[in-house]
Amino acid sequence: MDLLFSHAIVRTPGPDAGGGLTTASLGRPDIPLLLAQHAAYIEILRALGLEVTVLPPLPGCPDAYFVEDAAVMTPEVAVITRPGAPSRRGEIESIESVLAKMRPVARIEAPGTLDGGDVLRVENRFYIGRSERTNDSGAGQLGRILEKNGYEWRVVPVGSGLHLKSSVNTLGGRDLVFAAGTPFLDAFEGCRSIVLDPGDDYAANALWINGTLLVPFGFPEARWKIEQLSRPVIDVAMTEMRKMDGGLTCLSLRF
Ligand code: GLY
């Protein structure tokens, strides 16, 4: 059974949003357009029935609007991460002050590193990507916290791409979408896989919200494959966030 979401937390990008980390070679984001795309994303979440808490920009932390990386939420606990990129560690104090009002808090401690973008829930199991941002210690710490709360967990080596969720996401239940050539498909045995065409990797960062699927605009083949599940699909303009390695999932914490 999928957990239904009632809330989301997002953060407005700051004027320095073009100064964050990125591996994309797509140029600098147009900040007014980025803000408009971000605002449209929020409106989609609201239209899908979520109560959205919008946090203000965090000065000095240009990646802070990728809020998903700073925490992992379950109904029982808010796990504050220790982002793998040192430049993002300044984000956690602010997110902890918000989430501590909603859940008991647990923390990933040094030497562990963990980005929420490496954490994918599929029913009662969490897949934790070991990546350039998430190390064995961070993955193990999170796994043990989740286990105490009744969840299964499994570590998946992420060969390429920024995060686990750069390559695989849930489309509801055990239906998953993968980027072409994802090396770790075997880790997801028992799941149904939609594998996208080469060149459509960015669309593997699709977002399930209570039965509706958000997909980045501009990938018609990927959209067609995802539509075969007969669930409502919404296109979301993401061109400016993509320039900063941002995707649909990392723009919000959903719970
Ligand atoms: N710009 C998102 C990240 O690299 O963490």
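This is a predicted model, so every value here is computed, not measured. Note that ligands are numbered from 1 as they come in the structure, with each ligand's atoms numbered from 1 the same way.
Of all protein heavy atoms, the one closest to atom 5 (O) of ligand 1 is R88 NH1, 2.6 Å.
In this structure, F188 has its ring center under 6.0 Å from that of F178. In this structure, the ring of F5 has its center less than 6.0 angstrom from the ring center of W208.
The shell of residues lying under 4.0 angstrom from ligand 1, judged by heavy atoms, excludes T22.
Within the listing of ligand 1, atoms 3 (C), 4 (O), 5 (O) sit less than 4.0 angstrom from a heavy atom of R133. For ligand 1 and D63, the ligand atoms under 4.0 Å from any heavy atom of the residue are 1 (N), 2 (C). Of all atoms in ligand 1, listed by their number and element, those nearer than 4.0 Å to a heavy atom of M244 are 1 (N), 2 (C). Contact atoms of ligand 1 toward F66: 1 (N), 2 (C) (distance under 4.0 Å to a heavy atom of the residue).
One side chain, R11 or S94, offers a donor N or O that lies under 3.5 Å from an acceptor on the other.
Distance alone, capped at 3.5 Å, places no donor-acceptor pair between the D235 side chain and the P216 backbone.
Annotation: cation-pi pair R242/Y202 present, NZ/CZ under 6.0 Å from the ring centroid and within 45° of its normal.
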